[in-house]
Amino acid sequence: MPQSTSVDWDFPTTVIDTVTMGAYCDLGWMRRPGKAERARAMAALEQAGIDELASRQIGELSGGQRQRTFLARTLVHAPDLCFMDEPFQGIDAKSQRAMIDVLPSLSA
């Protein structure tokens with residue numbers, strides 16, 4: 001998951017597009033995400049509890065919503081190992097709880 005300082009929050013992309021980026025490593029060169037990748041991204045958004053934000057611009061999100069967006073992107077990628085440096089810094093209790101609830105599924 002990226003540090004929030006390494007993200008250009010003014011870049012014109014939506015939450016669903018950001019989360020779908022997690023599937024790019026599985027696609028290979030010159031392939032674009034399709035229906036299957038979008039479905040995985042929506043499932044990850046639901047798991048992170050922010051599926052209603054799918055069409056929002058990332059710059060419009062709160063700190064907690066941003067962290068949950070990047071958690072969902074990580075869920076789409078399904079890495080073997082995930083490093084989270086201060087994942088709860090600057091986010092509200094509701095977002096902390098949502099992330100804590102998702103973390104056990106990453107160890108499966």
Side-chain angles (χ1 to χ4, degrees):
M1 289 179 51
Q3 293 274 340
S4 63
T5 57
S6 66
V7 177
D8 179 2
W9 298 112
D10 295 323
F11 190 78
T13 188
T14 62
V15 170
I16 188 68
D17 290 336
T18 302
V19 174
T20 303
M21 288 177 198
Y24 275 84
C25 61
D26 300 329
L27 293 175
W29 289 96
M30 307 300 286
R31 288 196 50 219
R32 298 180 57 104
K35 290 180 183 178
E37 289 78 25
R38 296 290 268 199
R40 284 175 37 208
M42 278 307 298
L45 284 171
E46 289 174 20
Q47 193 174 0
I50 55 169
D51 51 313
E52 73 280 356
L53 302 176
S55 61
R56 266 225 204 133
Q57 295 290 317
I58 60 168
E60 298 174 357
L61 303 177
S62 70
Q65 292 167 335
R66 289 174 179 180
Q67 279 296 85
R68 290 161 70 184
T69 297
F70 285 108
L71 176 61
R73 186 176 78 170
T74 300
L75 294 172
V76 168
H77 176 55
D80 293 330
L81 182 64
C82 179
F83 289 99
M84 301 172 91
D85 183 20
E86 300 179 352
F88 304 126
Q89 182 179 351
I91 65 172
D92 61 355
K94 179 181 176 184
S95 292
Q96 287 179 16
R97 173 60 28 212
M99 290 180 68
I100 289 169
D101 290 344
V102 171
L103 292 178
S105 70
L106 296 177
S107 66

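Keep in mind that this is a model prediction, so the values were computed, not measured.
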All side chain to side chain donor-acceptor pair (under 3.5 Å) counterparts of Arg97, not counting sequence neighbours: Asp101

Dump the intermediate steps for side chain to side chain contact (heavy atoms under 4.5 Å, CB included) on Arg66 and Trp9, then the final yes or no. CA-CA 10 Å; Arg66 289 174 179 180; Trp9 298 112; 3.5 Å; yes

If you compare all heavy atoms of Pro33 against all heavy atoms of Leu27, which two are closest, and at what distance to 0.1 Å? N-CD1, 3.5 Å

Just list the side-chain donor-acceptor pairs under 3.5 Å for residues 35-43, sequence neighbours left out, or say none.
{"from": "Glu37", "atom 1": "OE1", "to": "Gly34", "atom 2": "N", "distance (Å)": "2.6"}
{"from": "Arg38", "atom 1": "NH1", "to": "Asp17", "atom 2": "OD1", "distance (Å)": "2.8"}
{"from": "Arg40", "atom 1": "NH2", "to": "Asp26", "atom 2": "OD2", "distance (Å)": "3.0"}
{"from": "Arg40", "atom 1": "NH2", "to": "Val76", "atom 2": "O", "distance (Å)": "2.7"}

To the nearest 0.5 Å, atom CZ of Phe70 lies from atom CG of Leu75 at 13.5 Å

Side-chain donor/acceptor pairs under 3.5 Å, residues 48-63, sequence neighbours excluded:
{"from": "Gln57", "atom 1": "OE1", "to": "Thr13", "atom 2": "N", "distance (Å)": "3.2"}
{"from": "Ser62", "atom 1": "OG", "to": "Gln65", "atom 2": "N", "distance (Å)": "3.3"}
{"from": "Ser62", "atom 1": "OG", "to": "Gln65", "atom 2": "OE1", "distance (Å)": "3.3"}

From the options Ile16, Thr14, Thr74, Val19, select the one residue that forms a side-chain contact (heavy atoms from CB on, under 4.5 Å) with Thr69. Val19

OH (Tyr24) and CE (Met21) are apart, to the nearest 0.5 Å, by 6.5 Å

